[in-house]
S.K.: 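Supplied in structure tokens, the structure appears directly below.
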2 protein chains.
Amino acid sequence: MNKKQIQSEQTRKKIAEAARNLFVQKGYKATSIEEITAATGSSKGNLYYHFKSKEGLFLYLLDEWDREWIAKWKEKEHLYTTSADKMYGFAEQMVREDLNHPLTKAADEFFTGDDKTCEVEDRIAEMVAEHLSFNRTLIQQGVDRGEFRATDVQSLAIVLEALVIGLSKICPRIDITQALDTYRLAIQVFLHGIAAKPES
Amino acid sequence: MNKKQIQSEQTRKKIAEAARNLFVQKGYKATSIEEITAATGSSKGNLYYHFKSKEGLFLYLLDEWDREWIAKWKEKEHLYTTSADKMYGFAEQMVREDLNHPLTKAADEFFTGDDKTCEVEDRIAEMVAEHLSFNRTLIQQGVDRGEFRATDVQSLAIVLEALVIGLSKICPRIDITQALDTYRLAIQVFLHGIAAKPES
DNA sequence: TCGTATACTGAACGTTCGGTCAATATCTTA
DNA sequence: TAAGATATTGACCGAACGTTCAGTATACGA
């Protein structure tokens, strides 16, 4: 690789990192291109040389994020024996990686934003589908192992996703140890419910 | 009341209603003051005569919304005998009143928006607190009746809130009957869990 | 060494939008 | 009916923001 190409790659990363930090702190809309360039030291035009648009930049970060998340999960997944353990592990990674993760807040804001390109809509749909698929696998494994009873794994995957999304929206207000507790409790409820007697 | 005061009241309502419709359709940010005034037939300045700001207008609508919701709940609450029934009823009202409710999307966007006044922050905190209090009561009743087992009602209230928030974020993509099913399933899971064996 | 592709600059643009204000109309009250 | 309170108008302001582009610098290949 050229000296020039390396340099270029570095600026690209630098921009991405600065953008990531700002999106984390301030959200998507509140972060202006100007601020990002100010944080990198490079110029507006340069950002647009490396990234198609603000949306494109954000989408790039989302991809990066997803890849890292999956990689981290793959690392840990085999450590858990039971499916229930896996669930708690899943919750823990959610808290540790996502709750403080740069992009959670921004992503959420981005998703609910008004001005979405078709490309973005598609990408979002894709990400949701991936999540559901992940959850489905998680639950299905438990069912196969005889740990969980479930007639409709797909619907349960949706419920789990809802739970996780909701938690991520509520928990930023509290500190991490409380968040961990809340997530654990949520998974516990998901597994055992709160009814005094087992279902008839 | 004066003829003038009545007229004034009417314009106020008219503006509120137009704003509500637009916020529903387009979300908070995407709805401009100009559009609202165009929909009412009155002027920009007049809107600012009746409402302090766009935020203020939206806050007013939120209040209205909450009041209506509570009123509707009070109407139905006594129809349910067991606490479990109440839970399902709660879920049903959520779907019927909020899922398609004008302001759900806008409110969500508004909450995650960047430019919040202190006043708004406070109002949001207040609303969250109210919701949690509502949930707490719901769960506590079940505990008192011996239907639910719970050591930490407050935390469970948070988990329930998370579930509801998450569901409301996922379900708009699907039609109402499916949404009802999903909500019911979620409550069922909340009550009974998915583990094969009862908790040790 | 020179031409060229690549990397980078930053001023300027166009647009959007919330909010203001001086002027005006309308109604109330004394 | 005159004075004053109340309601309404809409042109205008200023700031923010994403994006563009004509131009400059730098490193590479020949």
Side-chain angles (χ1 to χ4, degrees), chain A residues 1-20 22-23 25-61 106 109-110 113-120, chain B residues 1-20 22-23 25-61 106 109-110 113-120:
Chain A
M1 224 195 268
N2 277 342
K3 179 178 163 190
K4 205 171 187 178
Q5 284 174 310
I6 291 171
Q7 183 87 12
S8 186
E9 186 83 4
Q10 275 181 344
T11 17
R12 195 184 161 84
K13 298 253 176 188
K14 213 165 151 190
I15 292 172
E17 198 190 323
R20 192 213 233 88
L22 284 167
F23 282 141
Q25 288 165 27
K26 319 189 47 174
Y28 177 73
K29 213 147 202 171
T31 300
S32 68
I33 300 291
E34 209 125 23
E35 280 172 307
I36 296 173
T37 56
T40 60
S42 80
S43 71
K44 241 175 175 179
N46 199 20
L47 187 150
Y48 277 90
Y49 177 77
H50 287 285
F51 297 95
K52 186 181 150 203
S53 63
K54 193 185 182 184
E55 250 184 29
L57 170 55
F58 191 77
L59 245 29
Y60 172 85
L61 293 174
E109 180 197 345
F110 187 71
D114 35 75
D115 44 352
K116 298 189 206 86
T117 321
C118 299
E119 190 194 350
V120 176
Chain B
M1 224 195 272
N2 277 341
K3 177 177 163 192
K4 205 170 188 181
Q5 283 174 310
I6 290 171
Q7 183 88 11
S8 186
E9 187 83 5
Q10 276 180 343
T11 18
R12 194 183 162 87
K13 298 253 177 188
K14 213 164 152 191
I15 292 172
E17 198 189 323
R20 191 212 233 90
L22 283 167
F23 282 140
Q25 287 166 27
K26 319 189 48 175
Y28 177 73
K29 210 145 204 172
T31 301
S32 67
I33 299 290
E34 211 122 19
E35 280 173 307
I36 296 173
T37 55
T40 61
S42 80
S43 71
K44 226 176 180 180
N46 201 19
L47 187 149
Y48 277 90
Y49 177 77
H50 286 285
F51 297 95
K52 186 181 149 204
S53 63
K54 192 185 183 186
E55 255 184 24
L57 170 56
F58 191 77
L59 245 27
Y60 172 85
L61 293 174
E109 179 198 345
F110 188 71
D114 35 74
D115 43 354
K116 300 189 206 86
T117 320
C118 298
E119 190 194 351
V120 176

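Keep in mind it's a predicted model, so treat the numbers as computed, not measured.
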S.K.: Drop me the distance from A:I33's CD1 to A:I15's CD1, to the nearest 0.5 angstrom.
M.R.: 9.5 Å
S.K.: Please enumerate all residues that pass salt bridge (Lys or Arg N to Asp or Glu O under 4.0 Å) together with B:E17, with sequence neighbours excluded.
M.R.: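 Checked B:E17 against salt bridge (Lys or Arg N to Asp or Glu O under 4.0 Å); zero matches.
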S.K.: Send over the distance from A:I6 CD1 to C:dT6 P, rounded to a whole Å.
M.R.: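 These atoms are roughly 17 Å apart.
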S.K.: Under 4.0 Å: is that the gap between some side-chain N or O of B:Y48 and OP1 or OP2 of C:dG19?
M.R.: yes
S.K.: Kindly indicate, with the supporting measurements, whether the criterion side-chain contact (heavy atoms from CB on, under 4.5 Å) is fulfilled by A:T31 and A:I36.
M.R.: CA-CA 7 Å; A:T31 300; A:I36 296 173; 3.7 Å; yes
S.K.: To the side chain of A:T11, which of D:dT8, C:dC8, D:dT19 is closest?
M.R.: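 Comparing D:dT8, C:dC8, D:dT19 against the side chain of A:T11, the answer is C:dC8.
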S.K.: So, is B:N46 close to the D:dA7 phosphate, meaning a side-chain N or O under 4.0 Å from OP1 or OP2?
M.R.: no
S.K.: Just checking B:T31: base, sugar-phosphate only, or nothing, at a heavy-atom cut-off of under 4.0 Å?
M.R.: sugar-phosphate
S.K.: Over how many whole Å does the gap from B:I36 atom CD1 to C:dG19 atom P extend?
M.R.: 11 Å
S.K.: On DNA chain D, check which nucleotide each of A:I33 and A:G45 is closest to and give me the residue with the more 5' one.
M.R.: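 Comparing both residues, the 5'-ward one is A:I33.
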S.K.: Has the side chain of A:K26 got a donor or acceptor atom that lies under 3.5 Å from a matching backbone atom of A:S32?
M.R.: no
S.K.: Taking the side chain of A:S43 as heavy atoms from C-beta outward, which of D:dG10, C:dT9, D:dG18 is closest to it?
M.R.: C:dT9
S.K.: For D:dA7, does either OP1 or OP2 sit under 4.0 Å from a side-chain N or O belonging to B:S8?
M.R.: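 For B:S8, the contact criterion (side-chain N or O under 4.0 Å from OP1 or OP2 of D:dA7) is met.
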S.K.: Can a side chain N or O of B:Y49 be found less than 4.0 Å away from OP1 or OP2 on D:dA7?
M.R.: yes
S.K.: CZ of A:F51 versus C1' of C:dC8: gap in Å, rounded?
M.R.: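 Whole-Å distance recorded here is 15 Å.
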S.K.: Find the distance A:Q10:CD to C:dA7:P and express it as a whole number of Å.
M.R.: 13 Å
S.K.: Find the distance A:E55:CD to D:dG18:P and express it as a whole number of Å.
M.R.: 11 Å
S.K.: Could you tell me how far apart A:K26 (NZ) and D:dA16 (C1') are, to the nearest whole angstrom?
M.R.: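 Rounded to the whole Å, the gap is 12 Å.
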S.K.: Calculate the interatomic distance between B:L47 atom CG and D:dA11 atom P; express it in whole Å.
M.R.: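 About 17 Å, once rounded to whole Å.
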S.K.: Select base, sugar-phosphate, or nothing to describe what B:K44 touches, counting heavy atoms under 4.0 Å on all strands.
M.R.: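 Base contact.
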S.K.: For A:H50, is there any backbone N or O sitting under 3.5 Å from a side-chain donor or acceptor partner on A:R12?
M.R.: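 Side chain of A:R12 to backbone of A:H50: a pair is present.
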S.K.: Please report the distance, rounded to the nearest Å, between CD in A:Q5 and C1' in D:dT26.
M.R.: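 In whole Å, D:dT26 C1' and A:Q5 CD are 14 Å from each other.
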